[in-house]
Amino acid sequence: MEERWWLLFESEFDALSYDLQRYLYDSFFRFAYKEIIYLLEDHALAEDIIQEAFLKATAKRHQLKNVASGKQWVRRIVRNQMLDSIKSKKNRHWTNLEDVYKVNVKDSSPLEVAASIENNVEDVLRNQMLHEAIMELKEEYRTLLIKYYMEEKPYKEIALELGISEQVIAQRLFRARKKLLSQFSRKWVDKDGE
């Protein structure tokens, strides 16, 4: 059975029992930590981001209009907090040695290092949203996009594999790209619209 801990955001956090508060925070922490540590590889920064994101989520719980989409809502708050933290880090002209080594540029200024990290995080987030948008497509669209773009197969080879004409492949790919653009644009707007 899938956990649905984000449903607790329907309630006033202070009104929850201590055990439920602890459960909500621990679940939130585990959920957010995996994504943040993968992107930033900095445990202390990840903990700070999670605490700030949790405070924002509990403060903005009334903005959660559809509890069924609570997981995406929490993910968006965490991502935005991560980007805010990186931007404020950049604005403080501060960086740590690990960041310098990750960027692998010895003569970079702290601002350049922070900007590079921010760009890397944005790229990973964009790619993750693109992947999510692809997975939401109908199977026939998803299959065509994967075969054409990821496996780099030409129309002719795809047509032979699927037993349909190249013209049908071209039409379906056109529709698949159009649908993907729509899905991805909606996700991108949702990310920025928190």
Side-chain angles (χ1 to χ4, degrees), residues 1-10 27-28 30-40 49-50 52-54 56-57 59-87 90 115-194:
M1 185 173 125
E2 181 185 352
E3 277 191 85
R4 298 196 180 273
W5 51 266
W6 57 87
L7 297 175
L8 291 171
F9 281 111
E10 278 187 310
S27 298
F28 185 94
R30 283 191 307 276
F31 175 77
Y33 186 79
K34 287 183 273 186
E35 186 168 320
I36 296 171
I37 203 66
Y38 172 75
L39 295 172
L40 300 181
I49 291 169
I50 291 168
E52 290 296 321
F54 185 77
K56 283 184 180 178
K60 295 180 175 189
R61 69 177 187 76
H62 60 279
Q63 293 179 359
L64 178 57
K65 293 171 180 53
N66 181 4
V67 181
S69 64
K71 195 173 188 179
Q72 289 79 16
W73 179 76
V74 168
R75 180 175 282 133
R76 189 170 49 248
I77 289 174
V78 170
R79 287 177 180 170
N80 289 342
Q81 182 59 45
M82 185 170 30
L83 291 172
D84 290 348
S85 295
I86 291 170
K87 287 175 186 174
K90 180 175 74 171
S116 176
I117 293 169
E118 182 180 349
N119 289 337
N120 289 342
V121 169
E122 277 287 338
D123 288 346
V124 170
L125 292 176
R126 184 195 62 241
N127 290 343
Q128 185 177 7
M129 279 189 269
L130 182 59
H131 178 73
E132 289 171 5
I134 290 171
M135 296 314 289
E136 291 175 6
L137 294 174
K138 293 190 317 188
E139 187 174 347
E140 72 176 302
Y141 289 167
R142 187 172 55 236
T143 300
L144 284 174
L145 289 170
I146 289 171
K147 287 184 180 299
Y148 186 73
Y149 289 104
M150 298 174 127
E151 297 174 9
E152 298 180 347
K153 294 182 178 181
Y155 283 14
K156 188 173 189 172
E157 189 176 336
I158 298 171
L160 285 173
E161 276 184 36
L162 300 178
I164 51 181
S165 72
E166 289 181 50
Q167 184 178 4
V168 172
I169 296 291
Q171 290 170 346
R172 287 184 184 169
L173 264 173
F174 175 78
R175 284 189 229 122
R177 284 188 290 257
K178 189 174 178 180
K179 184 69 174 169
L180 179 60
L181 177 62
S182 171
Q183 295 277 86
F184 180 74
S185 297
R186 181 179 46 80
K187 284 184 171 298
W188 195 258
V189 168
D190 285 349
K191 173 190 91 66
D192 292 335
E194 182 191 343

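Just so you know, these numbers use all the heavy atoms, side chains as well, and skip hydrogens, waters and symmetry mates.
- For the 3.5 Å distance criterion, the side chains of Glu136 and Gln183 qualify, holding a donor opposite an acceptor.
- Scanning both residues, Ala32 and Val78, for their nearest heavy atoms gives CB-CG2, 3.8 Å.
- When every heavy atom of Leu137 is checked against every heavy atom of Lys179, the shortest pair comes out as CD2-CG, 3.3 Å.
- The closest side-chain heavy-atom distance from Glu132 to Gln72 is not below 4.5 Å.
- Remark: Ile146 CD1 to Glu139 CD distance equals 9.5 Å, nearest 0.5 Å.
- Side-chain atoms of Arg177 and Leu145, non-hydrogen and from C-beta on, do get closer than 4.5 Å to each other.
- No side-chain heavy atom of Ile49 sits under 4.5 Å from any side-chain heavy atom of Asp84.
- Here the straight-line distance linking atom CE of Met135 with atom CG of Leu130 works out to 11.5 Å at 0.5 Å rounding.
- Inter-residue side-chain proximity for Tyr141 and Leu180 is flagged as unmet; no heavy-atom pair is nearer than 4.5 Å.
- What you find for Ser165 and Ala159 is that their closest heavy atoms are C-CB, 4.0 Å.
- Between Lys153 and Glu161 there is a side-chain heavy-atom pair separated by less than 4.5 Å.
- Here the straight-line distance linking atom CD of Glu157 with atom CD of Glu152 works out to 11.5 Å at 0.5 Å rounding.
- Taking every heavy atom of both residues into account, Phe28 and Ala57 meet most closely at CE1-CB, 4.2 Å.
- Within the 4.5 Å cutoff, the side chain of Asn80 has no heavy atoms near those of the Lys56 side chain.
- The structure places CZ of Arg186 at 12.0 Å from CG of Leu181, a figure rounded to the nearest 0.5 Å.
- Distance CG/Leu160 to CD1/Ile169: 9.5 Å, rounded to 0.5 Å.
- Atom CZ of Arg79 sits about 14.5 Å away from atom CD of Gln81, to the nearest 0.5 Å.
- Using a 4.5 Å heavy-atom cutoff, the side chains of Leu144 and Tyr148 are not in contact.
- The local environment of CD in Gln167 is sparse, with at most 12 non-hydrogen atoms from other residues, nucleotides or ligands closer than 6.0 Å.
- Side chains of Arg172 and Ile164 form a contact here, defined as non-hydrogen atoms less than 4.5 Å apart.
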